[in-house]
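For the numbers below, each heavy atom of this structure counts, side chains included, while hydrogens, waters and symmetry mates do not.
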Amino acid sequence: MEKLTIKIRKKLGIHIAILGSESTGKSLLAQQLAAYFSAAFIPEFAREHPEHLLADYTSDDVSDIAQKQWMSVKQSNAELLFEDTEQINVKIWMEEVFGFADPKILDRIENDSPDFYLLTLPDIPWIPDPLRVNPGKREYLFELYKAELLIRRIPFALISGYGNERLKNAIIAVEDYLKRQ
């Protein structure tokens, strides 16, 4: 695929988040997109620091993870940034596990969301991993993420496909978004 040269808008930067159910390729996709666009990459804090999830975790632990994820983004001054997972993911996770979401997370979503989301469909095989616990809830959680984006009127693109097709679809979605900026 030929690389398209995109002129980044002049604000601090463009923040694109990859959102989706477990085992839908978010981490790999975020890394691939950052490499393709020569952009910054913010990994999922919980995946980079799994000691937070090895024992029984509390809502305070999840709030702490969300805070550290958000701070990683805030410390970046990149023109283009791809984030693996983000505050909407944590909000829905907290609601599913604890029945509520931390008001600070809700405030970040309301006032400091990424500019654009790539919502990954659960159309690829489940791959077991110690941090993954919901193989039977991927479609359900996908619908919750989609509803959240629609309710908040946050721009997003659905990303489907397997392997290179998934990456190609994500690149096209990002290029289309960047052209509109």
With side chains defined as the heavy atoms from C-beta onward, is the minimum distance between [X] and [Y] less than 4.5 Å?
| X | Y | answer |
| --- | --- | --- |
| I105 | Q67 | no |
| L19 | E148 | no |
| I88 | I154 | yes |
| I14 | L178 | yes |
| I16 | D115 | no |
| S113 | Q87 | no |
| V62 | V97 | no |
| L150 | F156 | yes |

Between [atom1] on residue [X] and [atom2] on residue [Y], distance to nearest 0.5 Å:
| X | Y | atom1 | atom2 | result |
| --- | --- | --- | --- | --- |
| L80 | H15 | CG | NE2 | 10.0 Å |
| N89 | I65 | CG | CD1 | 11.0 Å |
| M94 | L106 | CE | CG | 9.0 Å |
| F41 | S72 | CZ | OG | 10.5 Å |
| W70 | E86 | CH2 | CD | 13.5 Å |
| E143 | R138 | CD | CZ | 13.5 Å |

Original post:
Should R180 and D176 count as an ion pair when the cut-off is N to O under 4.0 Å?
Top reply: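 Salt bridge absent between R180 and D176.
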Original post:
Does K179 come within less than 4.0 Å of E175, counting only side-chain N to carboxylate O?
Top reply: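 No salt bridge links K179 with E175.
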Taking [X] for its side chain and [Y] for its backbone only, find out whether a donor-acceptor pair lies under 3.5 Å.
| X | Y | value |
| --- | --- | --- |
| N169 | E165 | yes |
| S38 | A34 | no |
| D61 | T58 | yes |
| D84 | I42 | no |

Say whether [X] and [Y] are linked into one hydrophobic cluster, either directly or through other cluster members, by side-chain heavy-atom distances under 4.5 angstrom.
| X | Y | result |
| --- | --- | --- |
| I171 | L81 | no |
| L149 | V90 | yes |
| F100 | I92 | yes |
| L118 | V73 | no |

Minimum heavy-atom distance [X]-[Y], with the two atoms named:
| X | Y | answer |
| --- | --- | --- |
| L141 | S21 | CB-OG, 3.7 Å |
| F98 | S59 | CZ-N, 3.3 Å |
| P122 | T24 | CA-CG2, 3.6 Å |
| A30 | E83 | CB-C, 4.5 Å |
| L29 | A170 | CD1-CB, 3.7 Å |
| S63 | D102 | OG-OD2, 2.7 Å |

Original post:
Is the centre of the Y145 ring less than 6.0 Å from the centre of the Y117 ring?
Top reply: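 No.
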Subject >> F116 and Y177 aromatic centres sub-6.0 Å >> reply: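 Between F116 and Y177, the centre distance is under 6.0 Å.
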Subject >> Test log, rule side-chain hydrogen bond (donor to acceptor under 3.5 Å, both in side chains), inputs E96 and Y140 >> reply: CA-CA 11 Å; E96 286 297 303; Y140 166 75; 2.9 Å; yes
Original post:
Q31 and Y36: side-chain donor and acceptor closer than 3.5 Å?
Top reply: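 The criterion, which ignores hydrogens and geometry beyond distance, is not satisfied for Y36 and Q31.
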Original post:
Is the CG atom of N111 crowded by more than 12 outside heavy atoms at less than 6.0 Å?
Top reply: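 Yes, enclosed.
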